[in-house]
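Values reported hereafter were calculated over all heavy atoms of this structure, with side chains retained and with hydrogens, waters and symmetry mates removed. When a residue number appears, it is its place in the shown sequence, counting from 1.
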Amino acid sequence: MAHLSSKMKGILFLLLSAFGFAVMSIFVKLSGDLPTIQKVFFRNLITMIFSLSLILYYRSKLINDVQHIPPLLLRSIFGTLGMIAYFYAMDNMVLSDANMLNKLSTFFLLIFSAVFLKERLKAYQVISVFIAFIGALFIIKPAFQVDLIPYLASISAAMLAGAAYTVLRYLRNKEAYYSITFFFSTFSVIVILPFMMIYYEQMNVYQVIYLLLAGMFASIGQFGITIAYQYAPARDISIFNYFNVIFVTVLSYIVFFNFPDIYSIIGYIIIFSASIYMFQKNKRI
């Protein structure tokens, strides 16, 4: 990957992240009716182990500079709260609806990056994001006939994720991606552990396996998105996060036998078109 530009590396890592989180959501759904906090705990525990392994492998410091602790804490708080809200939404909504609303993090990310990081937005980039959003709506066709609380939780998760990713942009080139991930996952495990012990429910072998796999693919997603926003600004690559919706739709068909209809196919075309359009515009500029 050495010959690739930073922007292209960011795109590839974001696509890898989108796939990792898509597989994670499938396994979270397969794990069944367990407390949300318990699922979040196991997801972060696996990520903590993976990131610690990388720190030991590279013989790296846990933190390069103590001055980075405040933004690391901020990223961890946003990420933990957002993850709890997102898992709650997945437990209480149609999986595709939860993933779709979570993509609103793109909008929050662009807004937060422009306000706090002074990253200048171009009109065609904003247009591309909205086009991709419309395409995602075609794919999942959200039905808002259920309780409003899970939907509010999903939107809150998107906002918190956007805030967390904005902090990641600030931390680019300041801390190693595995150190950032280790700090976040460790913070989450410590904070969530007391609540998990209170609400813990006995699991069967399959549920344990599903949660372990969810944690493994979540680690891929976490590392991917952490690296991606270190390579490129949100305005250039965040639209590719919409591929998560495509991955979820395809995997849902494979696992749950949900055959995509004509509207979903139209959504695929719209998202691909928007992604290619923005990529070409960025390349020319």
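You'll find the side chain of F183 stays beyond 4.5 Å of the side chain of L62, heavy atoms only. The side-chain heavy atoms of L211 and F27, taken from C-beta on, include no pair separated by under 4.5 Å. L212 has its side chain within reach of V208: a pair of non-hydrogen atoms, C-beta onward, lies under 4.5 Å apart. Side-chain atoms of Q38 and F42, non-hydrogen and from C-beta on, do get closer than 4.5 Å to each other. Residues V23 and L213 have side chains not in contact (no heavy-atom distance under 4.5 Å, counting atoms from C-beta outward). Within the 4.5 Å cutoff, the side chain of V40 has no heavy atoms near those of the S188 side chain. Using a 4.5 Å heavy-atom cutoff, the side chains of K29 and M24 are not in contact. You'll find the side chain of Y177 reaches within 4.5 Å of the side chain of L54, heavy atoms only.
We find the OG1-CG distance between T186 and L45 to be 9.5 Å, quoted to the nearest 0.5 Å. Going from atom CD1 of I225 over to atom CG of L15 covers 11.0 Å, rounded to the nearest 0.5 Å. Taking CD1 of I84 as the reference point, atom OG1 of T80 lies at 6.5 Å (rounded to 0.5 Å). To the nearest 0.5 angstrom, F240 atom CZ is 4.0 Å from I11 atom CD1. With rounding to the nearest 0.5 Å, the separation of CG in L171 from OG1 in T166 is 11.0 Å. Atom-to-atom distance recorded for L30:CG and I209:CD1 is 12.0 Å, nearest 0.5 angstrom.
Taking the six-membered ring for Trp and the full ring otherwise, the centers of Y58 and Y178 sit less than 6.0 Å from each other.
At distances below 3.5 Å, not a single donor-acceptor pair connects side-chain atoms of S17 with backbone N or O atoms of G224. Although no hydrogens or angles enter the test, the distance criterion places a donor-acceptor pair under 3.5 Å between the side chain of E175 and the main chain of N64. Put simply, the side chain of S76 gets close to the backbone of L72: a donor and an acceptor are under 3.5 Å apart. The backbone N or O of M48 sits less than 3.5 Å from a side-chain atom of S51, completing a donor-acceptor pair.
I190 and L193 fall into different hydrophobic clusters, where Ile, Leu, Val, Met, Phe, Trp and Tyr side chains are chained together by heavy-atom contacts under 4.5 Å. Clustering ILVMFWY residues whenever any of their side-chain heavy atoms sit less than 4.5 angstrom apart, transitively, puts M90 in the very cluster that holds Y253.
With a 6.0 Å radius and a threshold of 12 heavy atoms from other residues, nucleotides or ligands, F130 has its CZ atom at or below the threshold. Counting non-hydrogen atoms of other residues, nucleotides and ligands closer than 6.0 Å to CD of E201 gives a total above 12. In the displayed structure, D65 atom CG is contacted under 6.0 Å by more than 12 heavy atoms of other residues, nucleotides or ligands.
Looking at every heavy atom in both residues, G215 comes nearest to I46 through C-CG2, 3.6 Å. Of all heavy-atom pairs spanning P150 and A89, the tightest one is O-CB, 3.8 Å. Heavy-atom minimum distance, G79 versus A164: N-CB, 4.1 Å. Shortest non-hydrogen contact noted between G82 and L160 is N-CD1, 3.5 Å. Nearest heavy atoms, A153 versus Y88: CB-CD2, 3.7 Å. Contact between A22 and N244 at its shortest, heavy atoms only, is N-ND2, 3.3 Å.
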Audit row: S252, I26, side-chain contact (heavy atoms from CB on, under 4.5 Å) steps and yes/no: CA-CA 7 Å; S252 294; I26 296 295; 3.9 Å; yes
Evaluation steps, side-chain contact (heavy atoms from CB on, under 4.5 Å), between I77 and F187: CA-CA 8 Å; I77 293 170; F187 174 90; 3.6 Å; yes
Trace of the side-chain contact (heavy atoms from CB on, under 4.5 Å) decision for F182 with F50: CA-CA 8 Å; F182 176 73; F50 268 103; over 6 Å; no
side-chain contact (heavy atoms from CB on, under 4.5 Å) assessment of F78 paired with M83: CA-CA 8 Å; F78 288 146; M83 191 178 300; over 6 Å; no
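With hydrogens and angles left out, the side-chain atoms of R43 and Q222 include a donor and acceptor closer than 3.5 Å. Between the side chains of T47 and S219, at least one donor-acceptor pair of N or O atoms lies under 3.5 Å. Between the side chains of Y86 and N99, a donor-acceptor pair is found at a separation under 3.5 Å.
A parallel orientation is assigned to the rings of Y231 and F13, their planes being inclined by less than 30° (bins at 30° and 60°). Aromatic ring pairs are classed by plane angle as parallel below 30°, tilted from 30° to 60° and perpendicular above 60°; the pair F116 and F112 is tilted.
For the pair R75 and F184, the distance from NZ or CZ to the six-membered ring centre is under 6.0 Å and the angle to the ring normal is within 45 degrees.
Note on K39 versus D91: salt bridge recorded, some NZ/NE/NH1/NH2 to OD/OE distance being below 4.0 Å.
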